Amino acid sequence: MNIKEIKAGVYYVGVNDRTTQRFEALWPLPYGVSYNSYIVAGEKTALIDGVEISQCDNLVKHIKEIIGDKHPDYLVINHMEPDHSGAIKVLRGYYPNMTIVGNAKTLEMVNGFYGISENVIAVKDNDTLDLGGKTLSFRLTPMVHWPETMMTYVAEDKVLFSGDAFGSFGALNGAVVDEEMDVEPYIPEMYRYYSNIVGKYGMPVQKALAKTSDLAIEYICSTHGPVWHGELSRVVSIYDRLSKYEAEDGVVIVYGSMYGNTQEMAEAIATRLAERGVKKIKMHNVSYSHLSYILSDIFQYKGLIIGAPTYSNTLFPLIESVVQAIKTRELKNRVVGAFGSFTWASKAVSRINEVLEESHLLDTEIVSVENKQAPGNIDIEKCRALADAIVDKM
Ligand code: FEO
């Protein structure tokens with residue numbers, strides 16, 4: 001049942017969700033997701049983060065396997081989002097004397113969501129809670145990715161409970177700690193989690209990394225995905241790069257196409273990119289690729305070329321969603337181009353560029369390409385020139 005003693009007195013008691021189809025009702029979960037909860041047992045016992053409401057019974061079963069009929073003395077809430085806090089009210093039913101520990105913003109949300117205001121402790125930055133043999137210390141790391149987010153550190157064990165930071169999609173398939181599993185499937189799921197959920201908050205993530213840089217850390221226990229130990233430096237480095245909006249060499253082409261004409265332009269661009277030696281070219285037809293995967297690639301690669309037809313005198317709607325998602329996440333440090341087509345009235349490319357300008361991503365030296373009706377030879381040459389401009393800028 002995935003229960004694991006990570007270090008003496010520090011246990012994983014989380015649960016797997018293999019039935020929810022969309023995280024936040026938005027993001028696909030083809031491999032499920034884990035809601036990670038932990039127990040730190042000194043003379044007193046703290047439960048660190050909870051689970052989504054439908055998994056509460058399983059969490060209680062896991063808790064009982066570790067502490068039997070004893071009650072946890074504390075529930076530390078590093079993150080109040082309901083995928084971790086949904087079970088709070090029911091847990092309070094099981095364990096009425098369990099004190100809820102959070103910062104002022106957390107407790108305001110606990111009251112607002114669940115009507116709980118009694119038997120709570122508000123902690124501030126660097127406060128500690130002595131469990132007897134284990135000391136919890138709290139680092140407030142707001143906006144990773146909610147205002148109340150914080151991290152909890154156990155100095156005696158060099159364990160950091162990081163909330164969503166360093167988390168990934170993907171249920172845990174038997175093992176809990178990275179070195180006991182094949183971690184490779186979780187790495188792209190970490191990119192996807194970051195770009196989908198946390199991506200807007202690069203600066204707060206950087207502040208959180210700085211705020212925890214003085215801690216000796218052997219284990220990072222996130223709220224989703226593997227516990228990181230053997231791969232610590234790798235995942236910290238991924239988070240550092242993602243939150244600085246740094247990217248690898250490669251180009252993402254994301255396009256919509258109703259009848260294949262815009263797609264023909266996309267193919268011409270990709271062919272020229274390959275001729276220019278770009279090996280990592282990720283193509284997404286927006287009608288088939290979910291936004292979740294498109295964003296993940298956009299956060300990974302340096303080049304981005306967006307194409308669409310004009311639709312009812314505006315931008316093809318699915319590409320409008322993509323450019324808005326990019327704007328929302330305040331994407332930076334990318335080389336971006338646009339292309340598109342129309343039948344009688346031109347709009348798609350100007351709308352893409354309008355949102356790119358609002359997003360501070362528009363490079364006026366990279367000439368957009370827009371063709372009327374089916375692309376001819378001249379349009380294809382312009383597509384190849386767009387690919388050249390992207391490669392030259394990268
Ligand atoms: Fe895993 Fe932000 O909730």
Side-chain angles (χ1 to χ4, degrees), residues 2 12-38 47-56 58-59 75-89 91 100 102-103 105-110 112-114 138-152 160-172 176 186 189-205 207-209 212 220-228 235 238-239 242-243 292 295-296 299 325 328-329:
N2 276 19
Y12 178 89
V13 290
V15 300
N16 283 319
D17 179 350
R18 300 183 195 273
T19 54
T20 297
Q21 303 249 0
R22 295 279 167 104
F23 192 77
E24 295 182 342
L26 285 170
W27 313 111
L29 294 171
Y31 314 112
V33 66
S34 67
Y35 308 120
N36 296 348
S37 181
Y38 304 90
L47 182 65
I48 313 284
D49 287 310
V51 298
E52 198 263 342
I53 181 65
S54 66
Q55 297 288 336
C56 189
N58 289 329
L59 173 62
L75 167 62
V76 175
I77 302 176
N78 284 322
H79 182 22
M80 230 303 301
E81 192 163 5
D83 53 327
H84 312 290
S85 69
I88 288 178
K89 212 168 174 177
L91 279 175
I100 290 174
N103 59 65
K105 285 196 174 78
T106 316
L107 297 181
E108 186 264 335
M109 291 180 186
V110 169
F113 275 86
Y114 307 113
F138 307 101
R139 300 277 163 112
L140 271 56
T141 53
M143 299 318 302
V144 183
H145 61 119
W146 274 29
E148 89 300 357
T149 45
M150 66 180 198
M151 298 186 187
T152 299
L160 179 69
F161 299 98
S162 62
D164 279 350
F166 310 104
S168 78
F169 292 128
L172 295 173
V176 170
Y186 293 97
E189 290 295 90
M190 174 183 269
Y191 276 97
R192 198 160 68 88
Y193 190 90
Y194 182 89
S195 59
N196 294 185
I197 312 291
V198 186
K200 179 180 171 63
Y201 303 104
M203 184 63 78
V205 171
K207 284 184 182 162
L209 290 174
T212 52
I220 290 180
C221 299
S222 169
T223 43
H224 302 287
V227 167
W228 301 111
V235 299
I238 289 172
Y239 245 70
L242 284 170
S243 55
S292 176
L295 287 172
S296 188
F299 267 75
T328 297
R329 284 160 183 74

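Worth saying up front: this structure is predicted, and the values here are computed from it rather than measured. Order of listing sets the numbers, starting from 1, for every ligand and every atom in it.
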Quiz item: At atom 1 (Fe) of ligand 1, what angle lies between atom NE2 of His224 and atom OD2 of Asp83, rounded to 10 degrees?
Solution: 80°
Quiz item: Has His145 got an N, O or S atom lying less than 2.8 Å from atom 2 (Fe) of ligand 1?
Solution: yes
Quiz item: With a 6.0 Å cut-off on ring centres, are Tyr239 and Tyr194 close enough?
Solution: yes
Quiz item: Checking side-chain contact (heavy atoms from CB on, under 4.5 Å) for the pair Phe113/Ile88: CA distance, chi angles, key distance, verdict?
Solution: CA-CA 10 Å; Phe113 275 86; Ile88 288 178; over 6 Å; no
Quiz item: Does the distance from a Lys or Arg side-chain N to an Asp or Glu carboxylate O, for Lys105 and Glu108, drop under 4.0 Å?
Solution: no
Quiz item: With under 30° as parallel and over 60° as perpendicular, where do the rings of Phe23 and His224 fit, or are they tilted in between?
Solution: perpendicular
Quiz item: What is the name of the N/O/S atom in Asp164 that sits closest to atom 1 (Fe) of ligand 1?
Solution: OD1
Exercise. For atom 2 (Fe) of ligand 1, find the closest N/O/S atom belonging to Glu81 and write down its atom name.
Key: OE1
Quiz item: Can an N, O or S atom be found in His79 less than 2.8 Å away from atom 1 (Fe) of ligand 1?
Solution: no
Self-check item: Pair Asp164, His84: side-chain N/O donor-acceptor within cut-off below 3.5 Å
Solution: yes
